[in-house]
Amino acid sequence: AYAKEVKLSMAWGRIFFLYGPHEHPGRLVASVIRSLLQKERAQCSHGMQIRDFMHVADVADAFVQLLGTNVQGALNIASG
């Protein structure tokens, strides 16, 4: 409401499942990578879930790109 009142363009990026450096080792991508590097079987579920994983550097790039647009409102920042 404030953005409309002062005629300010406003957008916000919505992010979902991130992975990258310093990620908690128990999270999916980190645990699978660690298992594979140790030549162990990666512990996973049935794999039927649908997730949109995106590396943190790609998310950062997307936010930088968003700053240079006229997009207003919510924008999903995702790979799919």
Side-chain angles (χ1 to χ4, degrees):
Y2 177 75
K4 284 183 182 178
E5 184 179 316
V6 297
K7 296 183 177 25
L8 175 68
S9 172
M10 186 174 126
W12 57 95
R14 295 188 294 202
I15 55 178
F16 300 92
F17 295 93
L18 306 181
Y19 71 94
H22 310 294
E23 180 176 9
H24 187 279
R27 297 204 48 195
L28 177 65
V29 175
S31 68
V32 168
I33 289 172
R34 187 181 62 255
S35 294
L36 296 175
L37 288 173
Q38 295 173 351
K39 297 184 182 345
E40 298 173 352
R41 176 176 276 189
Q43 299 296 314
C44 298
S45 66
H46 54 74
M48 299 302 293
Q49 307 91 332
I50 297 175
R51 302 285 190 264
D52 190 75
F53 288 95
M54 201 166 170
H55 192 271
V56 293
D58 295 329
V59 172
D61 288 342
F63 272 108
V64 169
Q65 293 296 317
L66 180 57
L67 289 172
T69 70
N70 292 325
V71 172
Q72 293 193 40
L75 179 75
N76 291 343
I77 295 179
S79 64

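This chain uses plain numbering: 1 for the first residue, then up along the sequence. As a basis for the values below, the full set of heavy atoms in this structure was taken, side chains included, without hydrogen atoms, waters or symmetry mates.
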**Request:** Apply side-chain contact (heavy atoms from CB on, under 4.5 Å) to the pair V32 and C44, showing each step before the final yes or no.
**Result:** CA-CA 8 Å; V32 168; C44 298; 3.9 Å; yes
**Item:** CZ (R34) with more than 12 external heavy atoms under 6.0 Å
**Value:** yes
**Item:** Where A42 and S35 come nearest, the two heavy atoms and their spacing
**Value:** CA-CB, 3.8 Å
Do any side-chain atoms of residues 13-24 form donor-acceptor pairs under 3.5 angstrom with protein atoms, and if so which ones, sequence neighbours left out?
| unit_1 | atom_1 | unit_2 | atom_2 | d |
| --- | --- | --- | --- | --- |
| R14 | NE | N76 | OD1 | 2.9 |
| R14 | NH2 | N76 | OD1 | 2.9 |
| E23 | OE1 | G20 | N | 3.4 |
| H24 | ND1 | G26 | N | 2.9 |

For residues 51-61, dump all side-chain donor-acceptor pairs below 3.5 Å to protein atoms at least two apart in sequence or in another chain.
| unit_1 | atom_1 | unit_2 | atom_2 | d |
| --- | --- | --- | --- | --- |
| D52 | OD1 | S79 | N | 3.3 |
| D52 | OD1 | S79 | OG | 2.8 |
| D52 | OD1 | G80 | N | 2.7 |
| D52 | OD2 | S79 | N | 2.7 |
| H55 | ND1 | A57 | N | 3.0 |

**Asked** Which ILVMFWY residues are connected to M10, directly or by a chain of links, through side-chain heavy atoms under 4.5 Å apart?
**Response** W12
